[in-house]
Amino acid sequence: MFVDYSHLIRHNPPRLHYGVAVVDVDDDGVCELFVAGFDGANRVLRWDGVAFVDIADNILADAQRQAIGVAAGDIDGDGREEIYVLNTDTFAGRKRFGDRLFDYQETGWVDLFELPQNQEALNLTAGRSVAVVDRLGAGRYGFFVANYGGPFRLYELDRFGEVQDMASAAGISFTTGGRGVIALPLVTPRMDIFTVNENGPNFLFANRGDGTFEEIARRAGLPDPHEHGRGVAAGDFDDDGRFDLVCGNWEGPHRLFLQKWDGLFVDAAPPDMAEPSRVRTVIAADFDNDGELEIFFNNIGEPNRLFTRRNGGWTKIDPGDALEPGGLGTGAAVGDFDGDGRLELLVSHGEADLQPLSLYRTMPNDHAWLRVMPLIRAGAPARGAVVILESGGRRQLRAIDAGSGYLCQMEAVAHFGLGRVRTVDRIEVRWPDGATVTIPSPAPNQVLRVPHP
């Protein structure tokens, strides 16, 4: 499936890298890869038409912190995404290095947590993953932080522009061994939050619609209390029009939770998918544009795995160069950075030893594709929006990524492969506030930017 193109990363020394987020850092309309540095500077990799070059300034590079998780979202409604970088210098509990919340202002990037009025809100608990959540459907996001050994956090700006932790008010300030997180309209029309945890059950926070959440993982069949979660991704894995979940458990059986009835999930992972591994990030995407999702398990210290859906079932296939039998995977993210309509896969490595980043592409083919990017009112990506494509007698379902994988966040685009189909009947976009837009008969092989109505 994948071919190694790591030579396209211009400066790629062995490092301890962790989480990866896809975000438009320089506000030019094209996304970059923000890579958490941990043992040194963070990196911002931009495709310049020939190679990926590091454009991180000294503020974002932040070489003195130990970064592991990263996510982006527009929390102040200015049309440009802020960047949350989770720093962790200890395994669990209280840490020395606080997190960063980077906001671009007239003078450049500013860490909001360093401002005097925000210092009391600083997260000093060891955390893992970050995601953005529009809990009120107001077009503004908060950063949800899955902490380990301390309460979860939900950082929003109040009407005075100050950072406030709203987790307690929202009913989600739980304490556990937080690991992976994903946020999307999973069991309600608004953005729900699902976390996979270690040394305790998973949590599913269902959005009540009034800004608060109800924890319903046990009722939904998702607690998995004896496993240790890592990566998690969402998709419609059985073509029934509902979002399902694929969860990687550390050295335990992986899960393919299919939503058989609204709000009730059943594990349907086949044996070769469930087989335990030292898993980190899990990604669901259509890498070869054949119209079917693939599921990628990124492992540390053992070969990666790739699955595709054929004849109604999931089959393990050869990932090609992305097998990485000696790879020490710590994070991964996908996006189309060169504009050819095919997704690239970036895998970061580290933790146990220094390794360079890896970049993979798929072989060219004649499959058609369509990419849809919904926007909030201010013009920033509408993370958590849902896009439905109808073509060739079937419906494909995507959620705009708000944070997933493990420590990571994917591009804010609904990427659809069409295979040999050359016509699209319609596209429907649903925003977290309930607004919808229908686009009839869009042409394939293009990127559609869809403003909020």
From [X] [atom1] over to [Y] [atom2], what is the distance, rounded to the nearest 0.5 angstrom?
X: Glu162; Y: Leu112; atom1: CD; atom2: CG; answer: 11.0 Å
X: Leu124; Y: Arg153; atom1: CG; atom2: CZ; answer: 7.5 Å
X: Asn299; Y: Arg305; atom1: CG; atom2: CZ; answer: 6.0 Å
X: Arg46; Y: Phe337; atom1: CZ; atom2: CZ; answer: 12.5 Å
X: Cys31; Y: Asp336; atom1: SG; atom2: CG; answer: 10.5 Å
X: Asp103; Y: Trp109; atom1: CG; atom2: CH2; answer: 7.5 Å

Going through the distances and angles, do Asp236 and Arg395 end up as a side-chain contact (heavy atoms from CB on, under 4.5 Å)?
-> CA-CA 10 Å; Asp236 183 3; Arg395 290 161 57 95; over 6 Å; no
Report yes or no: does [X] contribute a side-chain atom to a donor-acceptor pair with the main-chain N or O of [Y] at less than 3.5 Å?
X: Asp134; Y: Ala138; answer: yes
X: Arg65; Y: Val85; answer: no
X: Arg15; Y: Ala41; answer: yes
X: Ser348; Y: Leu357; answer: no
X: Arg383; Y: Asp401; answer: yes
X: Gln409; Y: Ala72; answer: yes
X: Thr90; Y: Lys95; answer: no
X: Glu82; Y: Ile75; answer: yes
X: Asn202; Y: Asn197; answer: yes
X: Arg342; Y: Gly339; answer: no

Assess the side chains of [X] and [Y]: does a donor N or O sit below 3.5 Å from an acceptor N or O?
X: Glu324; Y: Tyr360; value: yes
X: Gln355; Y: Asp353; value: no
X: Asn289; Y: His415; value: yes
X: Tyr84; Y: Asp99; value: yes

For residues [X] and [Y], report the shortest heavy-atom separation together with the two atoms involved.
X: Ile427; Y: Pro442; result: CG1-CG, 3.8 Å
X: Ala233; Y: Ala284; result: CB-N, 3.9 Å
X: Trp431; Y: Leu375; result: NE1-O, 2.8 Å
X: Asp76; Y: Leu157; result: CB-CD1, 3.5 Å
X: Ala333; Y: Val22; result: CB-CG2, 4.0 Å
X: Val130; Y: Phe143; result: CG1-CD2, 3.9 Å

Within the 4.5 Å heavy-atom criterion, are [X] and [Y] side-chain neighbours or not?
X: Asp321; Y: Leu323; value: no
X: Ile295; Y: Val282; value: yes
X: Leu448; Y: Met373; value: no
X: Leu45; Y: Asp54; value: yes
X: Val246; Y: Phe297; value: yes
X: Asp318; Y: Met1; value: no
X: Asp165; Y: Tyr155; value: yes
X: Leu346; Y: Val35; value: yes

Let me see the working for Asp433 and Arg377 under side-chain contact (heavy atoms from CB on, under 4.5 Å), right down to the final yes or no.
-> CA-CA 11 Å; Asp433 64 358; Arg377 292 184 182 91; 3.2 Å; yes
[X] atom [atom1], over 12 foreign heavy atoms within 6.0 Å:
X: Arg420; atom1: CZ; result: no
X: Asn58; atom1: CG; result: no
X: Gln105; atom1: CD; result: yes

Does Arg361 pair with Asp340 as a salt bridge, N-O distance under 4.0 Å?
->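 So Arg361 does not pair with Asp340 through a salt bridge.
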Is it true that Arg278 and Glu351 make a salt bridge, defined as a side-chain N closer than 4.0 Å to a carboxylate O?
->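 Salt bridge flag = no for Glu351 with Arg278.
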Think Arg179 forms a cation-pi with Phe203, using NZ or CZ under 6.0 Å from the six-ring centre and within 45 degrees of its axis?
->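 Cation-pi check for Arg179 and Phe203: fails.
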Assess whether side-chain contact (heavy atoms from CB on, under 4.5 Å) is satisfied between Asp192 and Leu184, documenting all intermediate values.
-> CA-CA 5 Å; Asp192 308 310; Leu184 74 158; over 6 Å; no
Stepwise side-chain contact (heavy atoms from CB on, under 4.5 Å) test for Val181 and Phe152 = CA-CA 11 Å; Val181 59; Phe152 291 164; over 6 Å; no
Start with the C-alpha distance between Phe237 and Phe257, add both sets of side-chain angles, then the distance that settles ring pair (Phe, Tyr, Trp, His ring centres under 6.0 Å), and finish with yes or no.
-> CA-CA 9 Å; Phe237 298 126; Phe257 288 119; over 10 Å; no
Pairs flagged by side chain to side chain donor-acceptor pair (under 3.5 Å) wherever residues 439-449 is involved - sequence neighbours left out |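 Non-adjacent pairs meeting side chain to side chain donor-acceptor pair (under 3.5 Å): Trp369-Asn445.
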